[in-house]
Amino acid sequence: MNETIRELLAQRHYGRLRAYLSELNVVDIAALFMGLSQEDMVLLFRLLPKETAADTFSYMESGAQQSLCEAMNDVELRAVLDELAMDDTVDMLEEMPANVVKKVLQSCDMQYRKSINQFLSYPEDSAGSLMTIELVDLKSSMTVGQAFDHIRRTGVNKETIYTCYVIGDNRVLEGVVTVKTLLLADKETLIGEIMETNIIYVHTLDDQEQIAYLFGKYDFLALPVVDTENRLVGIITIDDALDVIQEENTEDFEKMAAISPSDDSYLRTSVFTHAKKRIVWLLILMLSATVTGTIITKYEDAFAAIPLLVAFIPMIMDTGGNCGSQSSTLVIRGMALNEIAPRDALRVWFKEIRVALLVGVALALVNGLRIFFQYGSFLMAATVGFTLILTVCLSKSLGCILPIVAKRLKVDPAIMAAPIITTVVDACSIFIYFNVALLVLHV
């Protein structure tokens, strides 16, 4: 598609280009803007019908949106904003530099600018920053026939009309009713008789991670947002919830890899920024690893007496780190899905220690037999085998407990993932190994 677009732009075949674009989905059209020059972006954007242009704009990468905002005049910008959903406008402005935000706000009327500023005043990761005010609201005193008339009259530019919200005086949320329920009801039935009053809702300052969890738990298409006085102020739709889920998962993966989270995509992030977000944790982990070196130095007499001891250090450290990573990954994911809470710490540890004993004994037997037949030393086999059992038990205990402790301390549990666990377990496993060797081998 990109090659076709570039060819038609170069040949100035605007009629064919417009016809070609009309056959594409707006998401695919938005992707075409990546990599085009600003001049070609503006030209391509102006070929789109008004409504298609606004839909396409909402799916563009922030870089393309910024280029278009800088190139468009106030009339064009205002036309796009008139068709753009409020939450999409706010999302766009949060990514823009101050000069572009100023230009966009200047092209808006006073009331629209006031609404945007209200959205921008909410914390970045809160329900208020995700919601849209474009919803269908009904009154409990309406009949089903009156409700349909109201939906036809006001629902054209709403984010969704499938779920309607019933409000009372001062916009207090009283109930929820779906269009399916309305279609199956008699036209003279009152909305108050068929609405659902057991409502799941969020407040404007609730964290987006909790919102994503509610969407996953209840399979909502939309979720109402209320203020401190239970007044309906907006809704969050499933498309925004999916963006949050993806964003939260990406952030967790980055933290679990000891990388500071980034708001930009991988390719749009500069080399310097990538390095800056990785170097801090790498320095911390590198310096903390000196503890392992210090322990090895302390026991240098032991492996000077029996050099074979050194051969098993990498295996013991790797096994401990891998076991700890397994436990921490499962616990972190369990907490992210609300399957594990801090109060479950003892249950989680008891389960992991039983797993550790089974795994540790199996690993010890396999390695013990290998070492005995390879080196002919029962004591060396016993030393490594017993060390493996203790190391696996310790690493799995740390792997499950440290993320729970982090959660209790209001720190993201994802921080206590593989890099941290591995570094801690490395030092502990070496300490255990040489102390076991001292006891069993009498070195």
Q) Can a donor-acceptor pair be found between the side chains of E352 and S327 at a distance below 3.5 Å? A)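 Looking only at side-chain atoms, S327 and E352 do form a donor-acceptor pair, the distance falling under 3.5 Å.
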
(Q) Within the 3.5 Å criterion, strictly below it, is a donor on Q208 or E247 matched to an acceptor on the partner's side chain? (A)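 Judged by distance alone, the side chains do pair up.
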
(Q) Is there a side-chain contact between T143 and I191 in this structure, where contact means two heavy atoms from C-beta onward sitting under 4.5 Å apart? (A)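 T143 does not reach I191 side chain to side chain.
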
Q) So with a 6.0 Å cut-off around CD of E339, is the heavy-atom count from everything else above 12? A)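 Yes, enclosed.
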
Nearest 0.5 Å, what's the [atom1]-[atom2] distance between [X] and [Y]?
X	Y	atom1	atom2	result
E196	E174	CD	CD	14.0 Å
F215	D240	CZ	CG	8.0 Å
M41	Q66	CE	CD	10.0 Å

For [Y], is there any backbone N or O sitting under 3.5 Å from a side-chain donor or acceptor partner on [X]?
X	Y	value
N435	F431	yes
D227	R231	yes
T181	V177	no

So which atom in [X] and which in [Y] form the shortest heavy-atom distance, rounded to 0.1 Å?
X	Y	answer
F45	A53	CE1-O, 3.3 Å
A345	I401	O-CD1, 4.2 Å
S126	P123	OG-O, 2.7 Å

Q.
If the condition is side-chain hydrogen bond (donor to acceptor under 3.5 Å, both in side chains), which residues does S397 pass it with, not counting sequence neighbours?
A.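 Applying side-chain hydrogen bond (donor to acceptor under 3.5 Å, both in side chains) to S397 gives W349.
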
Q: List in chain and number order the residues that pass salt bridge (Lys or Arg N to Asp or Glu O under 4.0 Å) with E51, two or more places apart in sequence or in another chain; answer none if no residue qualifies.
A: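 Once residues adjacent in sequence are excluded, E51 has no partner under the salt bridge (Lys or Arg N to Asp or Glu O under 4.0 Å) criterion.
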
Q) Under the salt bridge (Lys or Arg N to Asp or Glu O under 4.0 Å) test, which residues partner R153, sequence neighbours left out? A)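 For R153, no residue satisfies salt bridge (Lys or Arg N to Asp or Glu O under 4.0 Å) once neighbours in sequence are set aside.
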
Check ring-ring contact (aromatic ring centres under 6.0 Å, His included) between [X] and all other residues, then give those that pass, not counting sequence neighbours.
X	result
H150	none
F386	none
F220	Y218

(Q) Taking the cut-offs as 6.0 angstrom to the six-membered ring centre and 45 degrees off its axis, would you call R370 and F373 a cation-pi pair? (A)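 Relative to the ring axis of F373, which defines the angle, R370 lies outside at least one limit.
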
